[in-house]
Student: 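Structure provided below as structure tokens; questions to follow.
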There are 2 protein chains.
Amino acid sequence: MAALAGVSISTASKALNGSGRMSEETRERVKKVALEVGFRPNALARGLITKRSFTIGLLTNDTYGRFTLPVMAGISEELVGHGVSVFLCAIEDDPERARVHVDAMLDKSVDGIIASGKRLDRQLPVDLSGLAVPVVYAFTKGPVDGVTLRSDDEQGARLAVRCLIDAGCRRIVHISGPKTFQSVRERADAYRATNDGPPEVLHGVWSEAWGHEAVAQLWDRGGDKPDGIFCGNDQIARGVVDGLRERGVRVPEDVAVVGFDNWEIVAAQTRPPLTTVDMNLRTLGREAGRLILAMSEGREVQSGIRKLPCSLVVRQSCRGLEPPV
Amino acid sequence: MAALAGVSISTASKALNGSGRMSEETRERVKKVALEVGFRPNALARGLITKRSFTIGLLTNDTYGRFTLPVMAGISEELVGHGVSVFLCAIEDDPERARVHVDAMLDKSVDGIIASGKRLDRQLPVDLSGLAVPVVYAFTKGPVDGVTLRSDDEQGARLAVRCLIDAGCRRIVHISGPKTFQSVRERADAYRATNDGPPEVLHGVWSEAWGHEAVAQLWDRGGDKPDGIFCGNDQIARGVVDGLRERGVRVPEDVAVVGFDNWEIVAAQTRPPLTTVDMNLRTLGREAGRLILAMSEGREVQSGIRKLPCSLVVRQSCRGLEPPV
DNA sequence: TGAGGGTGAGAAAACCTTTTCTCTAGGACG
DNA sequence: CGTCCTAGAGAAAAGGTTTTCTCACCCTCA
């Protein structure tokens, strides 16, 4: 113990924590010695008395980590500087597993829990309200009186449609996922509100195959072909782009395409690479971290839903405004 | 405190932990009361005295989580039943960040650290040897005297090549990633050893584009065309399959293709879906969990490298043996 | 009947901090 | 010269467990 190097345990503690009263000289001396011997206060003992463990839990049902991973990165980024570590608990959609994980976290007196998921309109299969610790819902549905963070899908969709319009598209079609998803409806609504031309929305599943098929539907029927396609996610967009290429339709010259999600592995590998909407999940994670920290420190945080803006990542499938010559 | 319901604190503790001496009746009574009042022993206090925090840290530099996520799932799956929670620390490749995370974990007295990564031949940018806690290296390079877990890439590659041979391929080419990767060399060696026909290995980068280009190289030159292609990973395989389809070559009828990684999002969405080698990372994670648990409990674990077998996931790009009629 | 042994259970120490309280000097002030 | 105040630092309690020690009691055996 660093106290061996001059002072009592209590004085040492106060010196290191900047509390208590003592001469500046004593304080400095203690700090110096602590540094020299590499003193590490035991977080368990500290937590026992301060009631703060500098630990939070992240609960998610997103198996692929497509959404959770960026969120996690943001949280961690925000919190590690405050000495807070994050428990990651992947509960598939199993209430039992969720319960076990939550119990384990509670046992460890986490300072807070962040619930995260893969859908904005589904709750995790576990009830987190009424827990003794604060909870933030990030990219998953929370209770009405909870603190919820989500992406602004309408704004993101507007971004996408505007990009197509700016690229000169006159007839834009929206190919999206199942209508049962709230985000699908929101994006479609924003599409309808932003689009100048005749609106047309095709619903299917979240797969490349559906993108293909949708293109087939559009091109095999008579009548006008679209010159711009706004896709509900990047997988669909990839299917669409592949489908178009196979038909000899050039992207973006003949038809411009915009995706949604900015899932690198899909968006960047598409030929041509996808222009797509990024939900800024990392930023969302940072914000979640900031909020849970505030709440765990007892600061009051306003409940309700916060929508964080999306941004557009311009690659080659839609270039938007031509650069001024 | 549950002790209010009958006995002293010490007796209660002993009753719940199955230690100490007391009548069976007392023990049962305490347990019953504890259950009724939902007694939760404080893990901090317990950890303070037992020197076990029931907490381990997972350190990874795998940003996409492609490898880490299954490993993590396995670890968690194995450990949650023992009441152990997992800190996930994503350090890009930043030694400074790694240091901070490791310090945070050490402060929290983790019972062990599992180091994980995205390459079998690269160490994490932080030195974990000489730490007071046990360390297991899972899917990343560890020190020679460390406990290391990895996939058996040679065996996996043999599986792939055999599948092609069984499908009747006479001329199999191996299209893989950069020669600087140890796994690339191992897979290539296994390919050469298993393949009957003339060996041909093409090295490039880990991308679909390279798969395309490799197909172009093979088909645009004169001479025999391969009838089987073993790819270094699924992204290359996807590029290859797409390239073949665009040339009107049928998969698997004309050319059978096998990938590596079983990265669902790529393998399952390819047309046709990829037959590919799965490294069983979840199992690897479970094993890592089992080992770190053993080590944290003081049980001796033999150091060295353990290779875990891969398995073949048969989809449609190579069907292997035709089913007996 | 008394000694010795075994059984059941509680007391208390220990784990490592933080925090509050107490104590000692020394200085200012009356 | 005595009193009061303050600065500086240590003593001790508290936090919730586990674990070792101790104690009381009853039973057995001589």
Side-chain angles (χ1 to χ4, degrees), chain A residues 1-35 37-55 83-84 103-111 132-133 296-298, chain B residues 1-35 37-55 83-84 103-111 132-133 296-298:
Chain A
M1 174 56 188
L4 292 181
V7 295
S8 73
I9 293 185
S10 28
T11 304
S13 170
K14 284 179 287 193
L16 263 21
N17 293 308
S19 60
R21 287 183 319 197
M22 73 196 59
S23 67
E24 206 44 43
E25 187 244 320
T26 308
R27 197 178 291 276
E28 284 310 316
R29 183 160 42 90
V30 172
K31 282 186 180 173
K32 184 158 154 289
V33 172
L35 200 66
V37 305
F39 172 69
R40 292 185 166 289
N42 181 314
L44 266 47
R46 167 180 266 165
L48 192 54
I49 188 146
T50 61
K51 306 290 181 196
R52 288 195 57 192
S53 62
F54 290 89
T55 277
V84 175
D103 281 351
M105 296 196 295
L106 256 24
D107 280 347
K108 275 142 200 151
S109 350
V110 289
D111 296 333
V133 298
S296 74
E297 284 169 351
Chain B
M1 175 56 190
L4 292 180
V7 295
S8 73
I9 293 185
S10 28
T11 305
S13 169
K14 284 179 288 194
L16 263 21
N17 293 309
S19 61
R21 287 183 319 199
M22 73 194 61
S23 67
E24 205 46 41
E25 186 244 321
T26 308
R27 199 180 289 278
E28 284 310 316
R29 182 160 42 90
V30 173
K31 282 185 180 175
K32 183 160 154 288
V33 172
L35 201 66
V37 305
F39 172 70
R40 295 186 161 290
N42 180 316
L44 266 46
R46 166 181 266 167
L48 192 55
I49 189 149
T50 61
K51 307 290 184 196
R52 288 196 59 194
S53 62
F54 291 89
T55 276
V84 176
D103 282 352
M105 295 196 296
L106 256 23
D107 280 347
K108 275 143 201 152
S109 352
V110 288
D111 296 335
V133 297
S296 73
E297 284 169 351

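FYI, side chains are in, hydrogens and waters are out, and symmetry mates aren't considered; it's all heavy atoms of this structure. Bear in mind the structure is a predicted one, so any value in this text is a computation, not a measurement.
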Student: Nearest 0.5 Å, please: how far is OG in A/Ser109 from CZ in B/Arg40?
Tutor: 10.0 Å
Student: Any chance you could measure B/Glu297, atom CD, to B/Asp111, atom CG, to the nearest 0.5 Å?
Tutor: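 CG of B/Asp111 is found 9.0 Å from CD of B/Glu297.
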Student: Let me know the distance between CG of B/Leu44 and C1' of D/dT18, rounded to the nearest Å.
Tutor: 15 Å
Student: Could you state the NZ-P distance from B/Lys51 to D/dT18, rounded to the nearest angstrom?
Tutor: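 Taking atom P of D/dT18 as the reference, NZ of B/Lys51 is at 15 Å.
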Student: Distance check, rounded to the nearest 0.5 Å: A/Leu44 atom CG versus A/Leu48 atom CG?
Tutor: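 Spacing of CG (A/Leu44) from CG (A/Leu48) equals 8.0 Å.
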Student: Within the 4.0 Å heavy-atom criterion, would you say B/Ser23 contacts the bases, only the backbone, or no part of the nucleic acid?
Tutor: sugar-phosphate
Student: If you assign B/Ile49 and B/Ser10 each to the DNA chain C nucleotide with the nearest heavy atom, which residue ends up on the more 5' nucleotide?
Tutor: B/Ser10
Student: Determine the contact category for B/Lys14: base if any of its heavy atoms lies under 4.0 Å from a base atom, sugar-phosphate if only primed atoms, P, OP1 or OP2 are that close, otherwise nothing.
Tutor: base
Student: Round to the nearest Å and state the distance from A/Asn42 atom CG to D/dG16 atom C1'.
Tutor: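 The answer, rounded to whole Å, is 14 Å.
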Student: A/Phe54 CZ to C/dC16 P: how many Å, rounded?
Tutor: 19 Å
Student: Tell me: CD of B/Glu25 to C1' of C/dG8, nearest whole Å?
Tutor: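 My rounded result for the distance is 11 Å.
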Student: If the cut-off is 4.0 Å, is B/Arg46 near the phosphate of D/dT18, judged by side-chain N/O to OP1 or OP2?
Tutor: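 True: B/Arg46 side-chain N/O within range (under 4.0 Å) of D/dT18 OP1/OP2.
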Student: Is B/Arg40 touching bases, backbone alone, or none of the nucleic acid, heavy atoms closer than 4.0 Å?
Tutor: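 Result for B/Arg40 = sugar-phosphate.
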Student: For the helix from C/dT1-D/dA30 to C/dG30-D/dC1, measure the angle between the helix axis at one end and the axis at the other, each built from five pairs, rounding to 10°.
Tutor: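 Comparing the first five pairs with the last five, the axes sit 70° apart.
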Student: Round to the nearest Å and state the distance from A/Ile9 atom CD1 to D/dA12 atom C1'.
Tutor: 11 Å
Student: Before you tell me yes or no, could you show the steps for A/Glu28 and A/Lys32 under salt bridge (charged side-chain N to carboxylate O under 4.0 Å, His left out), namely the whole-Å CA-CA distance, both residues' side-chain angles and the distance that decides it to 0.1 Å?
Tutor: CA-CA 6 Å; A/Glu28 284 310 316; A/Lys32 184 158 154 289; over 6 Å; no
Student: Please confirm whether the shortest side-chain N or O distance from A/Ser13 to OP1 or OP2 of C/dT17 is below 4.0 Å.
Tutor: no
Student: Given D/dA9, is OP1 or OP2 found less than 4.0 Å from the side-chain N or O atoms of A/Thr11?
Tutor: no
Student: Can you figure out which of D/dT17, C/dC16, D/dG16 approaches the side chain of B/Pro41 most closely?
Tutor: D/dT17
Student: Please find the pair of heavy atoms, one from B/Thr26 and one from B/Ser23, that lie closest to each other, and give the distance.
Tutor: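 What the structure gives for the nearest pair is OG1-OG, 2.6 Å.
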Student: Considering only heavy atoms from C-beta outward, does the side chain of B/Val30 approach that of B/Lys14 to under 4.5 Å?
Tutor: no
Student: Could you tell me the separation between the NZ atom of B/Lys108 and the P atom of C/dC16, rounded to a whole number of Å?
Tutor: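 The answer, rounded to whole Å, is 19 Å.
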Student: Judged by each residue's nearest nucleotide on DNA chain C, which is more toward the 5′ side, A/Ala45 or B/Arg21?
Tutor: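 Of the two residues, B/Arg21 wins.
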Student: Kindly compute the distance separating CZ (A/Arg46) from NZ (B/Lys108), expressed to the nearest 0.5 Å.
Tutor: 10.0 Å
Student: Any side-chain N or O of B/Asn17 under 4.0 Å from OP1/OP2 of D/dT18?
Tutor: yes
Student: Within a strict 4.5 Å, meaning less than it, do heavy atoms of the A/Leu16 and A/Phe39 side chains meet?
Tutor: yes
Student: Tell me: CZ of B/Arg27 to P of C/dT7, nearest whole Å?
Tutor: 14 Å
Student: So, is B/Thr26 near the phosphate of C/dA9, with a side-chain N or O under 4.0 Å from OP1 or OP2?
Tutor: yes
